[in-house]
Asks: 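Quick one: this structure, given as structure tokens, is what I'll be asking you about.
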Amino acid sequence: MSDKIKLLQGDITQIPVEAMVNAANSSLLGGGGVDGAIHRAGGKSILEECRAIRARQGGCKEGDAVITGAGNLPARYVIHTVGPVWNGGQNGEPDLLRSAYHRCFDLIDEHKIKSVSFPNISTGIYRFPKTLAAEIAFEAISARLHEAVEQVNIVCFEQESYAIWHNLLQQRG
Ligand code: ADP
């Protein structure tokens, strides 16, 4: 199954795929990092859909995920997930990060999504240690991969994350 995991370096908004995962924040109103890039490139329809979700359920909790259309992005869906802010690691951060990936896969299964791109959730502004985050991501993705999912892109923005994933996939992949 892990031959379906493809490691890429670049801007997630430029890579055509069925569903793009956004490392959002609980307000769902956009922010910096990959969230800012997705809303900028996707246009205002994504924000409008996020506002409607907020009105309905009051945002998105840490470790949870919601789905919208993808506006002008080369995708059909954006899955907005909220990873934990790293605060030393004793506050449930690993479980919350694991949950973020699993909730994305709940939506992938529900919408029968065949290809998906993930950024390194929580490892930017939220300061989650990159190696631990990659291990948690790899385990969650491997646990949830199944026949109907054809490709999972791991899109690394910086070289450091790419190198961490490269080593991890060589060891475990
Ligand atoms: P978080 O708040 O969850 O930490 P960030 O967006 O700050 O979210 O960072 C998550 C990861 O996404 C980091 O590894 C960051 O380098 C990366 N990133 C930022 N912009 C992009 C982009 N356009 N495409 C892919 N990854 C990105």
Side-chain angles (χ1 to χ4, degrees), residues 5-44 46-47 50 53-54 59-68 70-105 107-108 113 115-141 151-169:
I5 301 177
K6 194 166 169 201
L7 182 59
L8 301 170
Q9 188 170 4
D11 177 353
I12 200 168
T13 66
Q14 305 290 310
I15 299 166
V17 72
E18 196 175 353
M20 238 174 245
V21 174
N22 179 18
N25 59 54
S26 17
S27 78
L28 294 177
L29 296 178
V34 70
D35 197 8
I38 282 180
H39 280 283
R40 261 194 314 278
K44 67 178 190 323
I46 300 177
L47 189 59
C50 285
I53 294 168
R54 246 174 88 85
C60 181
K61 293 196 185 69
E62 280 189 11
D64 203 358
V66 300
I67 192 165
T68 66
N72 302 323
L73 291 165
R76 179 160 180 214
Y77 301 106
V78 176
I79 297 173
H80 307 260
T81 190
V82 183
V85 177
W86 180 262
N87 252 316
Q90 303 302 316
N91 305 287
E93 295 94 330
D95 284 344
L96 285 165
L97 185 61
R98 193 169 299 116
S99 167
Y101 281 94
H102 278 278
R103 293 291 296 130
C104 289
F105 269 93
L107 292 167
I108 289 166
I113 290 165
S115 66
V116 58
S117 290
F118 282 95
N120 285 288
I121 300 163
S122 280
T123 67
I125 298 160
Y126 284 1
R127 305 181 313 269
F128 203 106
K130 291 180 198 290
T131 303
L132 180 58
E135 283 164 1
I136 290 169
F138 178 76
E139 260 151 41
I141 291 167
Q151 190 165 320
V152 177
N153 299 323
I154 306 295
V155 184
C156 297
F157 200 54
E158 344 79 51
Q159 175 61 31
E160 189 190 355
S161 296
Y162 185 90
I164 289 168
W165 271 100
H166 185 74
N167 287 340
L168 188 104
L169 292 174

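Model, not experiment: these values are computed from the prediction. Ligands are counted one by one from 1 in listed order, and the atoms in each one are counted from 1 as well.
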Asks: Under the side-chain hydrogen bond (donor to acceptor under 3.5 Å, both in side chains) test, which residues partner Ser161, sequence neighbours left out?
Replies: Glu158
Asks: With Tyr162, which residues qualify under ring pair (Phe, Tyr, Trp, His ring centres under 6.0 Å), at least two apart?
Replies: none
Asks: Let me know which protein residues bring a heavy atom to under 4.0 Å of ligand 1; chain then number is fine for ordering.
Replies: Gly10, Asp11, Ile12, Ala23, Gly33, Val34, Ala37, Asn120, Ser122, Thr123, Gly124, Ile125, Tyr126, Phe157, Glu158
Asks: If the plane angle is over 60° it's perpendicular, under 30° parallel, otherwise tilted; pick one for Tyr101 and Phe118.
Replies: tilted
Asks: With sequence neighbours left out, what residues match Phe128 under ring pair (Phe, Tyr, Trp, His ring centres under 6.0 Å)?
Replies: Trp86
Asks: Do you know which of Leu8, Ile141, Leu168 makes side chain to side chain contact (heavy atoms under 4.5 Å, CB included) with Ile154?
Replies: Ile141
Asks: If you look at every heavy atom in Val82 and Ala100, which pair is closest and at what distance?
Replies: O-CB, 4.2 Å
